[in-house]
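Just so it is clear: chains get the letters A, B, ... in the order the sequence lines come, proteins before strands, and each one is counted from 1.
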Amino acid sequence: MSQRRILVTSALPYANGHIHIGHLVEYLQTDIWVRFQKLRGHRCIYICADDTHGTAIMIRARQEGTSEEDLIARMQKAHVDDFAGFDIQFDNYGSTNSPENRAICEEIWASIRKAGLVSEEKVEQLFDTEVGTFLADRFVKGTCPKCKAPNQYGDSCDKCGAHYSPVDLIDPKSTLSDTTPEIRTADHLFINIERLHEFLNEWTRSGGHLQPEVANYLAGHFLHEPLRDWDVSRPAPYFGFEIPDSPGNYWYVWFDAPIGYIGSTKQWCNRQGEDFDAWWRSDQTEIHHFIGKDITYFHTLFWPAMLKTAGFNLPTKVHIHGFLTVGGEKMSKTKGTFVRASTYLEHLNPAYLRYYYASKLTARVDDLDLNLDEFVTKINSDLVGKVVNLASRAAKFVEKSGLAKVYPDDGGLFQQAAEDGQAIAECYEKCDFNQAMRRIMAAADRANQYVDQVQPWVLRKDPDKAAELQDVCTVILNLFRQIAVYLAPVLPRLAEQTAELLGKPIAQWDEAQSPLVGTPVARFKHMLTRVEPAQVEAMVAASVESDLPSGPAATYNDGPGPLEAEPLTETCSFDDFLKVDLRVARIVEAVAVPKANKLVQLTLSLGGDKRLNVFAGIKEAYQPEDLVGRLVVCVANLAPRKMKFGTSEGMVVASGPGGKDVFLLSPDSGAQPGQRVH
RNA sequence: GCGCCCGUAGCUCAAUUGGUCAGAGCAACGGACUCAUAAUCCGUGGGUUCCAGGUUCAAGUCCUGGCGGGCGUACCA
């Protein structure tokens, strides 16, 4: 078997959100495939990065009162930690906001320019003057020009289904500021991808680059008519890379995101002293992308077109998977099935999910269902009951004697499993992990049948049969080890535990071809605990995000007193409300003002270096030392007021009549200083 | 309403892509065993492949129409 050179990527997670169990379908699928290739002895690297650019990042950074750079650095750390927790092992995890990526973007852009594929056209877009930004379609709401339904998004109406431009909306409002945006015209740059139509026809249908259903989809939906020009620029302000030959314009996030695969590779090459061209400009290197079906056309039309034009390697294969459903339904925050990676890890072992997904993944684009009851039974019955149990059934009988010197007759079981390694490898190779797991479990079934036949627990009772006992346990542990080898891409920790038990590392797929003999056996330790349904329930409960109060309202008997004491005031407009800039703040210092009856002097932090000096009338209700460190909500844009003891630069929000009855408002955990309260 | 996807045993999925394939795992039920994390082994039941037409020597597999579900708005794989 000649050594292949393989570069593998997963889609770059967007820096706007945390990793959840839906993302993990892809990263686990990819990680398993990469580990398999490495185990087979191929030269394989796994490249990924955070996708960091775009309007959404810019807006969120503003909302949090932080810089884009801080925001994406924080999210990258969170992403990296989540992936590590699931044993997802990247060779490099970069960022699209890196100098390497900028350089490659410029290089590819120059090639596209040189090929004469870029044109400039005027585009009318809505502009929010309050926030000072152009508005993507989903940031505009208004009345449908066709059916007059109110509150519709900028691209289409969900009442009548009409499609339109956001500039056609009646009474459009920016969802960011609720102000009326104005129409502004800007020059955008377009790539004339139609010029590569013939190439794409050929590429999508040949060479097994795409799954057949994907090739058909593209042919039927895009390639049957002329391809529309692709708008790849956005006018300032935009968080991204400015286009060198078009000042004031930035590359659209979907231009530089896939280039991030190359940029991240470049980073790895620089660090490792590797030859970059050997990875991205060599017909000896395979490029494999793993993506979800939602971003199919970016990776199967635009991306190959860019690579082709710039002279980089084309993808050898784009592996496309479906979405995750939980219990047959889309993930839901209110039902607690929208589970973050970090939440999962607080309750369950990552090996469970790695195996469960492996047992469900096929080479097709079908959605994958996580059935939580099945999750429990599958882990317990396959992994604990069948696989790990094998070691548990035999190891302690040979703790003292070790494995037999010569591999005994096992009726051909080892040989059968060794031969099956070829078929299992083929299943891994074509991403039919489901089939691979079935075959491996069949081997585990055969091994368990063998244990029942030879009955080591009977042999143990007869001292004359010690050699026979050692023989059958040698067989059982070797059959177990074969399974651990085959499962190593899915369960790397099990492979390590097996290595520890039998004193021989599992570094090669071929370790399953010859039995281990004459080696000592370590004291057996449990390798995997059973899943309790209660653990799963706890994870789901911890994931529930209810925006509605739970339980029937009738069970609460709150009296009318407070409302009567202070009746509701007249209605205020949303604009009026927006004038008040409420922020999450952390009390970093609190000192009782000696000469005042009620006042405590607080130093509030809004994150970074931003501090506010605030006098609050809460002396009778709180001890200053109890206040330090806690989060509160403050009015951050209140006009400063000179008081006897100094200037107060804001106000801490609290309820209650005063005196000893003052109750500071606290944000829920997770809130960060500087975040605006909306 | 429109568009796309899907509909095989209680559950999750197979069926070499029109040719003995109606199958597996889990669950259920009966029995065996007790080494093992109440794990394991043997056996049994269970489907008019959503419905109705059509094409064909032959249809879960292709076509048409119905019925049912999902997605299309998001945190987006």
- If you pin His321(A) and Asn434(A) to their nearest nucleotides in RNA chain B, which one's is more 5'?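 Per heavy-atom nearest nucleotide, the more 5' residue is Asn434(A).
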
Measuring to OP1 and OP2 of [N], would you say a side-chain N or O of [X] lies under 4.0 angstrom away?
| X | N | value |
| --- | --- | --- |
| Lys378(A) | C11(B) | no |
| Gln449(A) | C42(B) | yes |
| Arg364(A) | C6(B) | no |

- Query: Does G70(B) adopt a syn or an anti glycosidic conformation, taking syn as a chi angle within 90° of 0?
  - Reply: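 Nucleotide G70(B) adopts anti.
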
- Could you classify U17(B) for me, syn or anti, using a glycosidic angle within 90° of 0 as syn? syn

[N] and [M]: how far apart are their [atom1] atoms, nearest whole angstrom?
| N | M | atom1 | result |
| --- | --- | --- | --- |
| A27(B) | A39(B) | P | 9 Å |
| U64(B) | U55(B) | P | 15 Å |
| C6(B) | C75(B) | C1' | 25 Å |
| C71(B) | A24(B) | C1' | 29 Å |
| G70(B) | U8(B) | P | 15 Å |
| U49(B) | G43(B) | C1' | 27 Å |
| C35(B) | C50(B) | P | 48 Å |
| U16(B) | C62(B) | P | 11 Å |

Looking at every strand, decide which applies to [X] at a 4.0 Å heavy-atom threshold: base, sugar-phosphate, or nothing.
| X | result |
| --- | --- |
| Gly22(A) | base |
| Met441(A) | nothing |
| Lys293(A) | nothing |

Please state how far atom [atom1] in [X] lies from atom [atom2] in [N], giving the value in whole angstrom units.
| X | N | atom1 | atom2 | answer |
| --- | --- | --- | --- | --- |
| Arg60(A) | C76(B) | CZ | C1' | 14 Å |
| Ile295(A) | C71(B) | CD1 | P | 20 Å |
| Asp445(A) | A39(B) | CG | P | 15 Å |
| Phe298(A) | C76(B) | CZ | P | 13 Å |
| Phe433(A) | G25(B) | CZ | C1' | 19 Å |
| Leu368(A) | C76(B) | CG | C1' | 16 Å |
| Ile379(A) | C26(B) | CD1 | P | 14 Å |
| Tyr356(A) | C26(B) | OH | C1' | 11 Å |

Which base, if any, makes a Watson-Crick or G-U wobble pair with [N], both distances under 3.5 Å?
| N | value |
| --- | --- |
| G3(B) | C71(B) |
| C76(B) | none |
| G53(B) | C63(B) |
| G47(B) | none |
| A39(B) | none |

Has [X] got a side-chain atom pairing as donor or acceptor with [Y]'s backbone, closer than 3.5 angstrom?
| X | Y | value |
| --- | --- | --- |
| Tyr344(A) | Asn349(A) | yes |
| Thr474(A) | Leu403(A) | no |
| Glu26(A) | Ala11(A) | yes |
| Asn380(A) | Val531(A) | yes |

- Message: Which residue is it: His288(A), His321(A), His289(A)? I am looking for the one with a ring-ring contact (aromatic ring centres under 6.0 Å, His included) to Trp33(A).
- Response: His288(A)

- With Phe36(A) via ring-ring contact (aromatic ring centres under 6.0 Å, His included) - residues at least two apart: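 Residues passing ring-ring contact (aromatic ring centres under 6.0 Å, His included) with Phe36(A): Tyr428(A), Trp509(A).
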
- Message: Using a 5.5 Å cut-off between ring centres and planes within 30 degrees, is Phe323(A) stacked on the base of A77(B)?
- Response: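 The ring of Phe323(A) is stacked on A77(B).
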
- Query: Is it the case that more than 12 heavy atoms not belonging to Arg676(A) sit under 6.0 Å from its CZ atom?
  - Reply: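 Above 12, so yes.
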
- Message: Just checking Lys465(A): does its NZ atom have more than 12 heavy atoms from other residues, nucleotides or ligands closer to it than 6.0 angstrom?
- Response: no

- Query: Counting only non-hydrogen atoms, which of residues 10-21 of chain A are less than 4.0 Å from RNA chain B?
  - Reply: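 Here the set is Ala11(A), Tyr14(A), Asn16(A).
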
- Query: If you look at every heavy atom in Val384(A) and Leu528(A), which pair is closest and at what distance?
  - Reply: CG2-O, 4.2 Å

Check ion pair [X]-[Y] (N to O, under 4.0 angstrom):
| X | Y | value |
| --- | --- | --- |
| Arg354(A) | Asp31(A) | yes |
| Lys77(A) | Asp81(A) | yes |
| Asp452(A) | Arg393(A) | yes |

- Note on the structure: B/S/- along nucleotides 27-38 of chain B (protein heavy atoms under 4.0 Å) is ------SSBBB-

